[in-house]
Amino acid sequence: MLTKKDITKMLETIAVYMEIKGENPFKVSAYRKASQSLETDERTLQEIEDVTSLKGIGKGVGDVINEYIETGNQSYLDELKKEIPEGLIPLLKIPGLGSKKIAKLYKELNVKNKEDLIEACEQNKVSELPGFAKKTEQKLLEEAKVLGQRPERYPINTMIKAHEEINQFLDGIEDIIQYHIAGSFRRMRETSKDLDYIISTNDEMKVQEALLKFPNIQEKIAVGKTKVSLDLLFGDDVIGVDFRMIKEESFYHTLQHFTGSKDHNIKIRQIAKDRNEKVSEYGIEESNGNIITYKSEEEIYKHFNVPFIQPTMREDGTEFDKDLSDIVQLDDINGDIHMHTTYSDGAFSIEEMIEAAIKRNYQFICITDHSRNLAVANGLSIERLLEQNEKIKTLNNQYKEIDIYSGTEMDIKPDGTLDYPDEVLKELDYVIAAIHQSFNQSEAEIMHRLKVACENQYVRHIAHPTGRIIGRREGYQVNMDELIKMAKETNTVLELNANPQRLDLNAEVLKQHPDLMITINTDAHHIDHFDFMKYGVGTAQKGWVKKSQVINAKDRVSFKKWIQSNK
DNA sequence: GCCGTTTTCGGCCCGACTGTTTTCAGTCG
């Protein structure tokens, strides 16, 4: 049976082929809009009776979809595939090469794939075409050779490190009035293609000059008065970085514009259009030609009489139709309930973690070191666990400004048993269960392990529910719908692990389950890791998680009541 | 191809940079 994903993929593919074929760009974008409209509808494909009832899907695309659903075949796509060689599609990924140039290369030189393109460049045939010249040919040859070698998107954790380095460099440029990150990284997407910075200055040329002194420039892609685009080298990663220079008065408009998303901005422009106004990165143009500029993003949204939408939630445009007023905020978080100390594999003592938490004005924390099965992380024997438990109880009496709970992050072992017996668990304030090994087990085996944990009366929460590492490993075979059902039935809370390598649960799952109870924890192994909370909250916001769904958004008293209650 | 109280045609978001050009097309975000 076909899923929605199959349909949207088919529509996207048609759009790409049509583009190279040279179809009317609006027709192409109609297929893309139809795909998106389908994707953002909350119903499954089977629940949608008539696809043409969706906005952006009319008779034309409707027929295309229905043929595919009914026969499993799409004749229009088949036709396109006969006309356009498949090998041309990946060429769209080459910077500077779009559909029109690809079409020209195909028609004039019979270029059908990457290999043909390399050959044509080497034989200097490309530079003979009108619209192409030596420089383009050289560039295309270089890019075609490395096509597919560089990742298209980088995980957020990689970007965080690059971002920190770039910040340091920008801090040293005198002519910058202020700067801010924009783009998908600011929206806290799990992966980003590049990094975008907005810079306000009175002297663009001086800033441009300073930017070109970046120590790790791999290539200068574009160098203009309003934009400097560089490929910068961070370790082994070549990351594209765009810098936009703008006068201070337009700063927040440019920031809003380049934060995107594209679809979010299209929506804003439509709203503006209905008011006979025009939005650009410079400001808002009224019908009389007067340009308004505001001194904050909040004021821009206010201008259009829409609620302010935080960057994390600016995605497909549906955020404008949703009441986002009770979405969880960083300030709502009153404690962190998953962290490690030197007892297991953490870098700081219990006291140091407590002090760091107090500095952040947290009202409560749980100390949750690894259990004995995780020997590589110096997991605690029962004796050490109980000794730590006593110590935490003593410390809790010493620190009046914060509640310190004693817990564990206990392994759910591969055979489906828990790492500590119940008579030990009942001594603790809080028990987290987690899968740390045998990731390649079958779905049935993994789900059995999770079931045992959920059904245990002392296990309050499941850590990093899928075990994924963004961009590095998929995680284990979890049936998420089943896990969520089990969690709800057993009053077990699922974790949103805020470590930017994990962000597990992800936003998509959260959006689909608006009544799920979660905790947002950093899993800190270092006092600096408490900072990860912002990525966890950002992910929760992307998943439209309400404050009331988040256990550690409770205040000190309510949290105490919750943790001391039976499951 | 879709859409529509200025509906059945004419729009569809907007601007900058590059390279190849003698005024602009293509690409990109």
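Just so we're on the same page: letters track the sequence lines, and every chain starts at 1. FYI, side chains are in, hydrogens and waters are out, and symmetry mates aren't considered; it's all heavy atoms of this structure. These figures come from a predicted structure and were not determined experimentally.
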request  = Go through the structure and list residues passing ring pair (Phe, Tyr, Trp, His ring centres under 6.0 Å) with F308(A), not counting sequence neighbours.
outcome  =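 Ring pair (Phe, Tyr, Trp, His ring centres under 6.0 Å) check on F308(A) returns Y301(A).
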Students often get this wrong, so: under 4.0 angstrom with heavy atoms, is [X] touching a base, only sugar-phosphate, or nothing?
{"X": "I268(A)", "result": "nothing"}
{"X": "K27(A)", "result": "base"}
{"X": "I94(A)", "result": "sugar-phosphate"}
{"X": "V223(A)", "result": "sugar-phosphate"}
{"X": "P95(A)", "result": "sugar-phosphate"}
{"X": "K193(A)", "result": "sugar-phosphate"}
{"X": "K262(A)", "result": "base"}
{"X": "N265(A)", "result": "nothing"}

(request) Taking syn as within 90° of 0 and anti otherwise, name the glycosidic form of dT7(B). (result)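 Judged by the O4'-C1' to base torsion, dT7(B) sits in syn, the angle falling within 90° of 0.
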_Ring center gap for Y282(A) and H257(A) short of 6.0 angstrom_ = no
Taking the [atom1] atom of each, how far is [N] from [M], in whole Å?
{"N": "dT6(B)", "M": "dG1(B)", "atom1": "P", "answer": "27 Å"}
{"N": "dT21(B)", "M": "dT27(B)", "atom1": "P", "answer": "15 Å"}
{"N": "dC3(B)", "M": "dC13(B)", "atom1": "P", "answer": "14 Å"}
{"N": "dC14(B)", "M": "dT8(B)", "atom1": "P", "answer": "23 Å"}
{"N": "dG26(B)", "M": "dT20(B)", "atom1": "P", "answer": "14 Å"}

Does E143(A) pair with K139(A) as a salt bridge, N-O distance under 4.0 Å? yes
CD/E474(A): more than 12 non-hydrogen atoms of other groups inside 6.0 Å: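 At most 12 heavy atoms, drawn from other residues, nucleotides or ligands, come within 6.0 Å of this atom.
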| In terms of side-chain heavy atoms, does H163(A) have a donor or acceptor partner in Y197(A) at a distance below 3.5 Å? | yes
First and last nt of DNA chain B near chain A, cut-off under 4.0 Å to heavy atoms, 5' to 3', are dG1(B) to dG29(B)
Q) Does dT8(B) pair with anything, Watson-Crick or G-U wobble, both distances under 3.5 Å, and if so, with which nucleotide? A)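 Across any shown strand, dT8(B) pairs with none.
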request  = Please tell me which of E281(A) and I102(A) maps to the more 5' nucleotide of DNA chain B, matching each residue to the nucleotide holding its nearest heavy atom.
outcome  =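 This one resolves to E281(A).
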On DNA chain B, more 5' by nearest nucleotide between F132(A) and I266(A) is I266(A)
Given K125(A), which partner from the list E128(A), E122(A), Q123(A) fulfils the side chain to side chain donor-acceptor pair (under 3.5 Å) test?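 The passing option is Q123(A).
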Exactly one candidate in R187(A), E315(A), M313(A), Q256(A) meets side-chain contact (heavy atoms from CB on, under 4.5 Å) with H264(A); the answer is Q256(A)
